[in-house]
Amino acid sequence: MSRPERPVLVVIAHGSRDPRHAATVHALVRRVRAARPGLRVETGFLDFNVPSVQGVLASLDAEGVRDVVALPLLLTRAFHAKSDIPAVLRESPSRMRVRQAEVLGPSPLLTAALERRLYEAGLTPADKSSTGVVLASAGSTDPEAIAVIAAIAREWRYTGWCAVRPAFASASLPRTEDAVRELRALGCERVAVAPYVLAPGFLPDRIARGAEGADVLADVLGPAPEVARVLLDRYDEARMPALAALGA
């Protein structure tokens with residue numbers, strides 16, 4: 001018996017009026033494709049950019065694709081993952097099986113990507129014990145998402161940093177600039193801001209403005225190889241039940 005076709009991976013990004021957002025998403029998807037040749041990966045956007053998620057699914061349906069893993073390009077389970085994306089996927093073509101994968105975070109690979117960006121911005125492993133880090137996320141009104149960011153900051157602190165504090169660009173407090181001041185008051189020799197965001201845009205720019213009092217500002221996670229690996233892990237997790245049922 002021939003092996004079943006692998007589901008198409010549809011990466012669902014939020015979208016933005018900022019052209020850097022879509023460019024970064026496409027760069028990440030290219031890295032995912034390069035990491036797993038033969039896997040078909042498409043990109044759909046919830047807003048602002050094309051193609052839309054609905055348009056991608058309709059196009060795949062017209063080609064005869066019947067099995068899709070839809071992967072939210074999100075770091076926490078907040079409103080988009082719990083409401084927006086499921087609502088869009090419920091409108092999928094009737095002949096198509098669509099499984100929604102889990103969001104990317106939390107993951108040790110994402111923490112590794114954060115450290116990669118900090119080192120690319122000029123820090124070294126030898127700086128960890130004297131450096132306080134602001135883990136700056138976009139923010140959310142969802143308590144679960146806020147709790148996840150706080151937990152990541154606590155766990156990251158135990159890897160050797162002087163201190164790690166969460167901060168939020170919207171909806172929640174503290175702001176990036178407040179966390180920077182707190183780390184200064186703690187006596188950290190230097191302060192670094194690590195944006196826990198995937199692509200540039202309005203809120204990442206707000207994080208950058210809040211980091212003006214810091215010594216180091218890292219880049220967004222973007223197409224870091226660790227992020228691409230997390231995408232593939234989430235894809236594999238979503239398709240595993242079907243593989244087990246087929247004995248593959």
Side-chain angles (χ1 to χ4, degrees), residues 14 16-18 20-21 24 73-82 103-222 224 226-227:
H14 183 274
S16 172
R17 293 185 179 89
D18 189 324
R20 297 173 298 167
H21 175 90
T24 302
L73 200 59
L74 300 168
L75 295 172
T76 59
R77 273 183 51 78
F79 179 77
H80 292 303
K82 294 177 179 178
V103 298
L104 303 184
S107 167
L109 286 169
L110 294 176
T111 307
L114 288 166
E115 295 209 356
R116 170 190 291 275
R117 294 303 189 221
L118 286 169
Y119 297 149
E120 289 171 349
L123 293 180
T124 70
D127 296 324
K128 290 184 77 168
S129 63
S130 57
T131 301
V133 178
V134 178
L135 178 68
S137 75
S140 174
T141 57
D142 189 301
E144 178 185 349
I146 299 304
V148 166
I149 299 300
I152 293 169
R154 285 194 302 270
E155 292 172 13
W156 201 15
R157 160 69 180 85
Y158 294 121
T159 66
W161 297 101
C162 173
V164 180
R165 293 290 186 272
F168 307 94
S170 68
S172 307
L173 295 173
R175 295 286 183 256
T176 302
E177 53 268 34
D178 299 326
V180 169
R181 285 192 289 269
E182 181 183 353
L183 291 172
R184 292 281 187 215
L186 282 175
C188 297
E189 185 176 316
R190 67 184 63 78
V191 176
V193 174
Y196 190 59
V197 293
L198 287 164
F202 176 76
L203 293 178
D205 283 349
R206 182 179 287 177
I207 290 171
R209 290 193 296 272
E212 289 177 358
D215 302 293
V216 174
L217 171 63
D219 199 358
V220 298
L221 295 173
E226 296 87 354
V227 179

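A donor-acceptor contact under 3.5 angstrom links the side chains of Arg190 and Ser130, judged on distance only.
Nearest approach of Pro166 to Ala179, heavy atoms of both residues: O-CB, 4.2 Å. Shortest non-hydrogen contact noted between Ala153 and Leu135 is N-CD2, 3.8 Å. Summarising the geometry of Ala192 relative to Leu123, their closest heavy-atom pair is CB-CD1, 3.9 Å, with the distance given to 0.1 Å. Heavy-atom minimum distance, Gly132 versus Cys162: N-CB, 4.0 Å. In plain terms, the two heavy atoms of Gly222 and Thr24 that are nearest each other are CA-CG2, 3.6 Å. Leu186 and Ala163 get closest at one heavy-atom pair: CD1-CB, 4.1 Å.
Distance check: Leu114 CG to Glu226 CD gives 9.5 Å after rounding to the nearest 0.5 Å. Atoms CG and CG, on Leu104 and Leu198 in that order, are 6.0 Å from each other to the nearest 0.5 Å.
In this structure, the side chains of Glu189 and Thr131 stay at 4.5 Å or more apart for every pair of heavy atoms. Counting heavy atoms from C-beta on, the side chains of Thr76 and Glu144 never come closer than 4.5 Å. Val193 places none of its side-chain heavy atoms less than 4.5 Å from the side chain of Val216. The shortest distance between side-chain heavy atoms of Val197 and Leu203 does not fall below 4.5 Å. Between Thr176 and Phe168, every side-chain heavy-atom pair lies at or beyond the 4.5 Å cut-off.
Listed for the Asp205 side chain is no donor-acceptor partner under 3.5 Å among the backbone atoms of Phe202. Proximity of a side-chain donor or acceptor of Arg77 to a complementary backbone N or O of Leu74 within less than 3.5 Å is not detected. Without hydrogens or angle criteria, Ser137 side chain to Tyr196 main chain gives no donor-acceptor distance under 3.5 Å. The backbone N or O of Ala112 sits nowhere less than 3.5 Å from a side-chain atom of Arg117 that would complete a donor-acceptor pair. No donor-acceptor pair closer than 3.5 Å links the side chain of Arg175 to the backbone N or O of Ala167. Between the side chain of Ser170 and the backbone N or O of Ala138, at least one donor-acceptor pair lies under 3.5 Å.
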Decide yes or no on side chain to side chain contact (heavy atoms under 4.5 Å, CB included) for Val133 and Leu118, but give the supporting numbers first. CA-CA 9 Å; Val133 178; Leu118 286 169; 4.3 Å; yes

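We find that Asp219 and Arg116 are not joined by a salt bridge, their nearest charged nitrogen and carboxylate oxygen being 4.0 Å or further apart. With respect to the salt-bridge test (charged N to carboxylate O, under 4.0 angstrom), the residues Glu115 and Lys128 qualify. Residues Asp178 and Arg181 are paired through a salt bridge, judged by an N-O separation under 4.0 Å between the basic side chain and the carboxylate.
Of the residues listed (Ile149, Val148, Leu221, Ile152), the one engaging Leu75 in a side chain to side chain contact (heavy atoms under 4.5 Å, CB included) is Leu221, and it is the only one.
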